Amino acid sequence: MQHKYILGVYDDDDTLLDAVKRLRAEGYRAHEVFSPFPIHGLDEAMGLQDTRLHTAGFIYGATGTLTAVGAMTAIQVLDWPIIVGGKPFFSLPAFVPIIFELTVLFAAIGMVVTFYIRNGFSIFKPLEVVDKRATDDKFILALCCKQYSSDEDQGKIRSLLRSTGASEVNDRVMQTELLPNLFKADEELVAHH
Amino acid sequence: MHYSSPIREPLINNSRTYGDITEDIAKGTEGTPGMLWTVATAISACVALIGVLSLALTVWKGIGMWGANRTVGWAWDITNFVWWIGIGHAGTLISAILLLFRQKWRTGVNRAAEAMTIFAVVCAGLFPVFHMGRVWLAFFIFPLPNTRGMLWVNFNSPLLWDVFAISTYLTVSLLFWYTGLLPDIATVRDRSKDNSWRQAIYRSLSFGWTGTAKQWQRFESLSLILAGLSTPLVLSVHSIVSFDFATSIVPGWHTTIFPPYFVAGAIFSGFAMVLTLMLIARKVMNLENYITIAHIESMNKVIVLTGSIVGIAYITEFFTAWYSANIYERWVFIHNRVADPYIFGPLFGVEPAPYWWAYWMMMSCNVISPQFFWIKALRRNLYVTFALSLVINVGMWFERFVIIVTSLHRDYIPSNWTMYSPTWTEIGIYVGTMGIFMTLFLIFCRTLPVIAIAEVKSILKTAGDQYLAKIGNEEEELRRKGIALGQNALEDSHHHGGGHLAGALHDKNDK
């Protein structure tokens, strides 16, 4: 199966950001943007959903806290109580360092694993790069031809890309489909189409 | 986009473009290694081998191969452990704490400093593990279900807290570092020839990073939170290392000042090591445009700050020992540490301390030497910086030696009093860890981008010399037209929609 995309290639991050805003104002949604470094405000301009990674991080961290408290209590209070330095079996101040370390450990590992899974990262999966220059010095705006299938739309998109300062406008046929992006529901845009 | 004041020194010199940045940094991983690298790696690997042989000898013959004895049970080995762990702390400080403080100069050195952290922690970990004697039973330190009658570890012990602190520190540093590397590995991947081995390897290492908007969004969120987690983590690690001493009742160790004093000392020594390595790397790998004098000066400012904190801690510790009126505490400080044969011994009227030279080595290297960095010209001088970075690392090694050996060698029973000196096996292990560290660092320099390419690109427009010069010129022009560029001018121009530069500034701030 082949998937067709229109690519706008930009030389500058600010130009690309303006282009994304302009396209959106005209009712076109950039399916994906590839950039060599993070562009601040891009996710908002594209209408991407916020990431929930931090919420996940909190849950993982809390799991770590509970694991540490639970395990230390189970071991030192229930399974094999030993008097150390005349302290109570459940001596919270002495547990604080390990509770803290496990909270951080669980949160960090959990978030990183979630990050890799949600991005679909894999060591083995074959990779089709849209444009190799996107990790160097070019900023690529990709629009999906399946979404904008009419010649009229595509023509308009091409001229919009050019007028917003794209140094090249290319057609790209991919063997693998780009992952669907997580957009916020945008009624204005839906109404336009 | 953030506005950067034109008076700030540029952090990227020579009008680099995005493409130039990729080329300059990624180039280091390509081509055949030069003679210098090959020889340096070969020497480092040989030195590492000395360490491996010394460790093998220790395991084969036992801990008796070391000079540690019943009075001085912790000696060379734990000194090296604390020294290496401390060195690691600069990497996390640069990558996490300076990220939260939004310090842009961080981007030039964070990658290499984080790598250094990981390699230093690996070296540090070897010491307590081999100190156990029966290395094959090292897993006893983890609370694992077992067949020894279900014997558990003691959660009230700072030594166990250390196990958790250091393993967490290594894991989190590794995750933080590797995740930050993904975009740069993808850059190296996309520069390599299609269907080459090189491309296949870097494709796997990059996990298929492509730099989509969603990936960057998650990447930024992850970096920020990992930085937020690493900040208290790095402070906790050396605090917990200091608990190993502070929770005991040994005079000279039983001190509440230890946690902050150890953390400041760790950052101090870590920055010295970063400077030692980066001064060489920037020269050898032609990275002067990215690791500028401004970067080096910033690091020297951190050194003067943390060095002064360490100095105050030494003096406070001494004062407290005297003021406490505790005879044992006073004994350790005056008779075992401070009393030299020339000035303080005669002054206090006591015999010289057996290790007085170690104490005064520590004082001169750690308290006096960083004070030179109050002078701007010396902060910006590469030779002075390099020399002082070495001096500080020697001094910080002596600090740990003083704390451990001078406190232990004369305990409560005078018949136990003894001296400690290292054996060749112990020296071999220490020298060997330096070889391991350098070998790992050199391999890192050839295989992965030593500077965070993506991060440097993201500060180009606010810290690149060509952009700062442009802002400077515009301001100059306005001044020539007689417009004062104060807060009033900014506000006026904003309200009236006029003023070329002021308008632009507001645009940038709004973004």
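Bear in mind that the values here come from a model prediction, so they are computed numbers and not experimental data. Labels below follow one simple rule: chain letters A, B, ... track the order of the sequence lines, proteins then strands, and each chain is numbered from 1.
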Quick one: do Asp13(A) and Lys457(B) make a salt bridge, cutoff under 4.0 Å?
no
If the contact rule is any heavy atom under 4.5 Å from chain B, which residues of residues 113-123 of chain A qualify, in numerical order?
Phe115(A), Tyr116(A), Arg118(A), Asn119(A), Phe121(A), Ser122(A), Ile123(A)
Report which part of Lys87(A) has an atom under 4.5 Å of a heavy atom belonging to chain B: side chain, backbone, both, or neither.
side chain
So what's closer than 4.5 Å to chain B heavy atoms on Phe183(A): side chain, backbone, both or neither?
neither
Of Asp20(B), Val188(B), Leu205(B), Thr210(B), the largest count of non-hydrogen pairs under 4.5 angstrom with chain A goes to Thr210(B)
Non-hydrogen atoms of chain B under 4.5 Å away: do they reach the side chain of Met111(A), the backbone, both or neither?
both
Does some side-chain heavy atom of Ile225(B) sit less than 4.5 Å from a side-chain heavy atom of Leu53(A)?
no
Partner chain B: residue of Phe124(A), Phe95(A), Phe100(A) with the largest heavy-atom pair count (under 4.5 Å)
Phe100(A)
Per-residue tally against chain A (heavy atom, under 4.5 Å) across Thr247(B), Leu182(B), Val163(B) peaks at Leu182(B)
CZ/Phe58(A): more than 12 non-hydrogen atoms of other groups inside 6.0 Å:
no
Please check this pair: side chain of Gln76(A) against backbone of Asn154(B), looking for a donor-acceptor N/O pair closer than 3.5 Å.
no
Might you confirm whether atom CD of Glu152(A) has over 12 heavy atoms from other residues, nucleotides or ligands at distances under 6.0 Å?
no
Tested for side chain to side chain donor-acceptor pair (under 3.5 Å) against Thr135(A), the lone hit among Asp184(B), Thr22(B), Asp190(B) is Asp190(B)
Contact origin within Tyr169(B) toward chain A - heavy atom pairs under 4.5 Å:
neither
Heavy-atom proximity to chain A below 4.5 Å, by part of Ser192(B):
backbone
Angle class for the Phe37(A)/Tyr18(B) ring planes (parallel below 30°, perpendicular above 60°, tilted otherwise)?
tilted
Given the options Ile98(A), Asp79(A), Leu42(A), Asp137(A), which has more heavy-atom pairs under 4.5 Å with chain B than any of the others?
Ile98(A)
Do you know which of Ala108(A), Gly61(A), Pro38(A) has the most heavy-atom pairs under 4.5 Å to chain B?
Pro38(A)
May I ask you to test the Trp216(B)-Ser35(A) pair for a side-chain heavy-atom distance under 4.5 Å?
yes
Show your working on side-chain contact (heavy atoms from CB on, under 4.5 Å) between Val112(A) and Leu226(B) and close with a plain yes or no.
CA-CA 9 Å; Val112(A) 169; Leu226(B) 283 183; 4.1 Å; yes
Please round to the nearest 0.5 Å and tell me the distance separating atom CD of Glu44(A) and atom CD of Gln217(B).
10.5 Å
Got a donor-acceptor contact below 3.5 angstrom from the Trp161(B) side chain to the Ala94(A) backbone?
yes
Got more than 12 heavy atoms from elsewhere within 6.0 Å of CG, Leu144(B)?
yes
Taking every non-hydrogen atom, the tightest pair across His54(A) and Ser221(B):
CD2-OG, 3.8 Å
Rounded to the nearest 0.5 Å, how far apart are CD of Glu101(A) and CD1 of Ile240(B)?
4.5 Å
If you tally heavy-atom pairs under 4.5 Å against chain B, which of Ile75(A), Val104(A), Ile140(A) wins?
Ile75(A)
Chain B: which of Ile39(A), Asp11(A), Asp50(A), Leu178(A) shares the most heavy-atom pairs with it under 4.5 Å?
Asp50(A)
Find the one option among Ile82(A), Val130(A), Ile109(A) whose heavy-atom pairs under 4.5 Å with chain B are most numerous.
Ile109(A)
Counting C-beta onward and ignoring hydrogens, is there a side-chain heavy-atom pair between Leu105(A) and Thr171(B) closer than 4.5 Å?
yes
Check this for me: His254(B), atom NE2, are more than 12 non-hydrogen atoms of other residues, nucleotides or ligands nearer than 6.0 Å?
no
Interatomic spacing from CE in Met72(A) to CH2 in Trp152(B) - rounded to 0.5 Å:
13.0 Å
Side chain from CB out, backbone as N, CA, C, O: work out which of these in Pro158(B) comes under 4.5 Å of a heavy atom of chain A, or both, or neither.
neither
With chain A, the option among Leu229(B), Leu222(B), Leu224(B) that has the most non-hydrogen atom pairs under 4.5 Å is Leu222(B)
Euclidean distance, Glu220(B) CD relative to Asp43(A) CG, rounded to 0.5 Å
8.5 Å
Value rounded to 0.5 Å, distance of CZ in Phe155(B) from OG1 in Thr73(A):
9.5 Å
Option in Leu175(B), Ile21(B), Val172(B), Leu160(B) with maximal non-hydrogen atom pairs under 4.5 Å from chain A
Leu175(B)
Residues Ala454(B) and Pro36(A): closest non-hydrogen pair is CB-O, 3.5 Å
Any side-chain heavy atom of Val129(A) within less than 4.5 Å of one from Arg189(B)?
yes
Of the non-hydrogen atoms in Asp136(A) and Gly19(B), which two are nearest, and what is the gap between them?
OD1-CA, 3.7 Å
Around Arg198(B), counting heavy atoms of other residues, nucleotides and ligands shown, do more than 12 lie under 6.0 Å from its CZ?
yes
Distance col, row Ile83(A):CD1 vs Asn156(B):CG, nearest 0.5 angstrom, shows 11.5 Å
Can you check whether Trp80(A) reaches Leu151(B) side chain to side chain, under 4.5 Å on heavy atoms?
yes
Among Asp194(B), Val456(B), Ile453(B), Val237(B), residue most engaged with chain A (heavy-atom pairs, under 4.5 Å):
Asp194(B)
Hey, is the main chain of Gln49(A) close enough, under 3.5 Å, to the side chain of Lys214(B) for a donor-acceptor pair?
yes
Heaviest contributor of heavy-atom pairs below 4.5 Å to chain A, chosen from Arg203(B), Arg191(B), Glu23(B), is Arg203(B)
